[in-house]
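Structure first, commentary second.
Because the structure is a prediction, the values reported are computed rather than measured. Each chain gets a letter, A, B and so on, in the order its sequence line appears, and its residues count up from 1. Values reported hereafter were calculated over all heavy atoms of this structure, with side chains retained and with hydrogens, waters and symmetry mates removed.
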Protein chains: 2
Amino acid sequence: MDIPSGSPTKKRISESTIHRLSRYFRTLSLLEKENFETVSSKELAKREKLTPAQVRKDLSFFGSFGTRGLGYPVAELKAKVSRILGIDRIWRVALIGVGNIGSAMVSYKEFIKQGFHIVKLFDNDQRKIGSNHKGIIVSDIKNLRTELQDDRIEMVIVAVPATVAQYIVDVVVKAEVKAILNFAPINLKVPPGVHVRNENMAMELEYLSFAMVNHHSPKGIGKA
Amino acid sequence: MDIPSGSPTKKRISESTIHRLSRYFRTLSLLEKENFETVSSKELAKREKLTPAQVRKDLSFFGSFGTRGLGYPVAELKAKVSRILGIDRIWRVALIGVGNIGSAMVSYKEFIKQGFHIVKLFDNDQRKIGSNHKGIIVSDIKNLRTELQDDRIEMVIVAVPATVAQYIVDVVVKAEVKAILNFAPINLKVPPGVHVRNENMAMELEYLSFAMVNHHSPKGIGKA
DNA sequence: TGTTAATTGTGAAGCATTTCACATGAGTAT
DNA sequence: ATACTCATGTGAAATGCTTCACAATTAACA
C-alpha cells in the first residue's frame, strides 16, 4: 500500500535516512502551520541543511510522493512520513524510573505530539509509589512484569541507575516488550528481536568538546 | 605526544568515529574498575558490538596506542581517548532554562564524570530566579550575555521552549560561546565557527517505532 | 494548444566508511 | 636463541551513502 508493490527485496534503509525522516516530519508540521500547500525538495533541504537530492532520495525509498514541477503536497507528505515512521498511531509507553530524567520525560511535549503516550510509571522508591505525576500514579516496580503485560505496553523508557538497568531490562524482555529507549549509560544485553536505542546526553557534549579542541569549523574543512 | 607529529594533512574524522570514541571511553572506565591491565580490540569490540577492525581503525586515526600480541593498556588508552575528545579538562558550562529537562540536566551524573561542570543557571521565571539548584543560584536571563562572558562560559545547554530558543541562541552567540547543546526541537541558525548539537529524545522513539512496524521480530509479534 | 519554467525520480558516479587480510612486532616458553 | 602465538596497524577491497545530472512530467501562460 505505501511501499511500491512488486518489490520483494526490502532494501535496507539506513539509520541516517530514518533520522532525516524524523526531521522532515517536524519541518512538515511547521510548514503546515505556516500554511504552505506544497514544498519543494529544495526548500525542505534548505531548512534541514541538506541537499535537495538527499531529500528526494530519502523519500524515493518509500515511493513517489511529489509532483514534477510543483513539489510535494505538505499535508499529504506529512501523513506519508508519519505512516513510514509508524507514528500514525498511538504507542503505549511505560516509563521506568521516576528520577530526574524520568520526571522530565513524563512532561516531554515531543512524545505526546508524536503519538508516544506514557501510560504507566514505575519506581522502587516507597515515597514515590502511589504519587501522581501528570495524572499517572506511580506503580511499584515489583509488579513490573505483570503490569506491563496487563496494560499491553509496547515500548518502555528505562531511566533507572546503570547498576540496575540490566536487571530491569531482563524483566521487561520477559514481559515481551520489544522496544526499549535506554537512558542508563551501559550497553544492554537483549535477545534478538528486541530493539534498543540508547540516549546519552554526554555524548553530544563530548562531540562539542572534540570539535572545540580540534578547531574544526562546523561546515568546513578542518583546521582553522 | 598525542597526534602523530609531522602530519600536515589533518584527515577528517567522521562523526561515527567520535561517537564510538565516547563509547570506548565509557567502556575503558569500566574495564579500569574491573582491574583489567590491558584490553584487546577483540574484547572492546565484543563489548560495543563492533568488529575488532573497526576499533583498531578508529584508534589508528590518532596514533598507535597498542602493543602487538598484547592489546591496549587500559588506563593509558583511556587517558589518550579522553585527550582526543578534549575531556581531559574541565569545561565551564551554563544551562539556560531550568524547566523539566533543564532540572534533570543539573543532576545528570555523566556530565560531571566527564568534566562538564554546570556552573551557571539561567531562567526568565521570577519564581525560579534566585532559587538554588544543587548549589547553584538561578540567574535572571536578562543578564545572560554579560554573565556568560564574565564567568568565561565555554558551552551552553539550551533547554528553553522552541519559541524562544533562537532568540536565546542569538544572545549566546554574541557572548562568544562557541558550543551549544540544544534541546529545543528547532533548527538553530548560528554563524560559522559556532558548534551546535541537537538532542531530541523523540527521534529515538521514532526510530524504535519504525523498527517495530517494519522489521518484524523473528519470533513474530503477531502484527499483520 | 504549444512553449517555457519548474521540479521530481533515479541510474550512475563519486565519496566515505567499514571490513578484510596479512605483514609486523612483542611476549612466552623451551 | 628459536620457534610459536597473539594481536596490532594498515593498505586494499568491499560495501554503503551522498551527490550528480538528466529524462520525464507537470503547471502556467501566451
Send over the distance from B:Arg56 CZ to C:dG25 C1', rounded to a whole Å.
-> 14 Å

Would you give the length of the straight line joining atom CG of A:Leu30 to atom CG of B:Asn187, rounded to the nearest 0.5 angstrom?
-> 9.0 Å

What is the nucleic acid contact for A:Lys42, judged by heavy atoms within less than 4.0 Å: base, sugar-phosphate only, or nothing?
-> nothing

Does a nitrogen or oxygen in the side chain of B:Thr51 sit under 4.0 Å from OP1 or OP2 of C:dT19?
-> yes

Rounding to a whole Å, what distance do you find between A:Phe65:CZ and C:dG9:P?
-> 9 Å

Could you check how far CD of A:Gln54 sits from P of C:dT10, rounded to whole Å?
-> 16 Å

Verify the contact: side-chain N or O of B:Ser41 to OP1 or OP2 of D:dT8, cut-off strictly under 4.0 Å; return yes or no.
-> yes

Could you tell me whether the phosphate oxygens of C:dA26, OP1 or OP2, come under 4.0 Å of any side-chain nitrogen or oxygen in B:Tyr72?
-> no

Consider the side chain of B:Lys57, meaning its heavy atoms from C-beta on, and name the nucleotide among C:dT10, C:dG9, D:dA12 that approaches it most closely.
-> D:dA12

Separation of C:dT8 P from A:Leu70 CG (nearest whole Å) | 9 Å

Determine, for B:Arg26 against B:Glu48, whether the closest basic-nitrogen to carboxylate-oxygen distance falls under 4.0 angstrom.
-> no

On DNA chain D, nearest-nucleotide positions of B:Val39 versus A:Leu50: which is more 5'?
-> B:Val39

To the nearest angstrom, how far is B:Leu44 atom CG from D:dT8 atom C1'?
-> 13 Å

A:Thr17 side, atom OG1; A:His19 side, atom NE2 - distance, nearest 0.5 Å = 11.0 Å

Selected nucleotide, minimal atom distance to A:Ser64 side chain, candidates D:dT19, C:dG9, C:dT8 | C:dG9

Mind calculating the distance between CZ (A:Arg12) and C1' (C:dT18) to the nearest angstrom?
-> 13 Å

Result for side-chain contact (heavy atoms from CB on, under 4.5 Å) between A:Ile153 and one of A:Leu144, A:Val119, A:Val93 points to A:Val119

Listing, residues 71-78 of chain A side-chain donor-acceptor contacts under 3.5 Å, not counting sequence neighbours, or none:
unit_1	atom_1	unit_2	atom_2	d
A:Lys78	NZ	A:Glu32	OE1	3.0

B:Asp58 has an atom CG; how far is it from atom P of D:dT8, in whole Å?
-> 13 Å

Under 3.5 Å donor-acceptor pair, A:Arg68 side-chain atoms to C:dT7 base atoms | no

Whole Å only: how far is the CZ atom of A:Phe61 from the C1' atom of D:dC17?
-> 8 Å

Nearest to the side chain of B:Ala53, which nucleotide is it out of D:dT8, C:dC20, C:dT8?
-> C:dC20

